[in-house]
Protein chains: 2
Amino acid sequence: MPITPFYQRIADEIRERIKSGDLRPGDKLPSTSELCTRYGVSTQVIRSVMLTLRAEGLVEGHQGRGVYVRDQGVTG
Amino acid sequence: MPITPFYQRIADEIRERIKSGDLRPGDKLPSTSELCTRYGVSTQVIRSVMLTLRAEGLVEGHQGRGVYVRDQGVTG
DNA sequence: CCACATTTGTCCGTATGTATC
DNA sequence: AGATACATACGGACAAATGTG
């Protein structure tokens, strides 16, 4: 049984929080440094998480503001 | 007008090649080091490209073998 | 089965740019 | 002007799977 890498576990957790409604559209995710501290990983791992979640259309990042949960099922 | 980052340009190019049929399901993409040399970027950039393309379901990587174009529209 | 090269996967540390507050 | 915060990129290191000889 393969071990799950950090970036995937974190992505899974955030994805589940979004799908379960714990995190709703418009909600702001914790900052990158906050997530780094919380999970004990580097910024690269968090970047991988956000890259994945963005590609899936679940979140969108804004420089200087933060990363926000998108309205699910909305592409524009 | 924003400049397009490397990882996004490379991802766009590969994505277009897949959607246009230039790269077909089952085709093997060039190796990571090959792409690094070709585009003059680091492995991290290529990793970001593959992470994005994988999240989009366009390709799938296999350790020791390579990255292959997936049958589009097939989830399993 | 073992040794080796190849290739993808994962992670760390650091630096710089740009946008927001 | 400064602090905060996301975005991009480089370099280095090690693990795991595969194919070849």
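Because only heavy atoms are used, hydrogens play no part in the values below, and waters and symmetry mates are left out as well, while side chains stay in. Naming: A, B, ... by sequence-line order, numbering from 1 per chain.
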Apply the test salt bridge (Lys or Arg N to Asp or Glu O under 4.0 Å) to residues Glu13(B) and Arg9(B): give CA-CA distance (whole Å), side-chain angles for both, the deciding distance (0.1 Å), then the verdict.
CA-CA 6 Å; Glu13(B) 182 174 319; Arg9(B) 285 189 40 192; 5.8 Å; no
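Judged by the 6.0 Å and 45° rule, Arg47(A) forms a cation-pi pair with Tyr7(B).
Atom pair Arg9(B):CZ and dT8(D):P shows a separation of 14 Å (rounding to whole Å applied). As rounded to whole Å, 16 Å separates atom P of dA19(C) from atom OH of Tyr68(A). In this structure, Leu35(A) places its CG atom 12 Å from P of dA7(D), rounding to the nearest Å.
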Please write out the pairs of protein N or O atoms and N or O atoms of nucleotides 2-6 of chain D separated by less than 3.5 Å, giving the distance to one decimal.
| residue | atom | partner | partner atom | Å |
| --- | --- | --- | --- | --- |
| dC6(D) | OP1 | Thr32(A) | N | 3.2 |
| dC6(D) | OP2 | Thr32(A) | N | 2.8 |
| dC6(D) | OP2 | Thr32(A) | OG1 | 3.0 |

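For the residue pair Arg54(A) and Gly61(A), the shortest heavy atom distance occurs at CD-N, 4.2 Å.
A 6.0 Å sphere centred on NZ of Lys19(A) holds no more than 12 heavy atoms belonging to other residues, nucleotides or ligands.
The shortest distance between the side-chain N/O atoms of Tyr7(B) and the OP1/OP2 oxygens of dA9(D) is not below 4.0 Å.
DNA chain C lies under 4.0 Å from at least one heavy atom of each of the following residues of residues 37-50 of chain B: Gln44(B), Arg47(B).
Using modelled atom types and a 3.5 Å distance limit, the side chains of Tyr39(B) and Glu34(B) yield no donor-acceptor pair.
With Arg15(A) as the partner, the side-chain contact (heavy atoms from CB on, under 4.5 Å) test is satisfied by one option alone out of Leu53(A), Ile10(A), Leu23(A): Leu53(A).
When side chains are defined from C-beta on, Met50(B) counts as touching Val67(B), because their heavy atoms get closer than 4.5 Å.
In this structure, Tyr68(A) is not a member of the same hydrophobic cluster as Val59(A), with clusters built from ILVMFWY side-chain heavy atoms closer than 4.5 Å.
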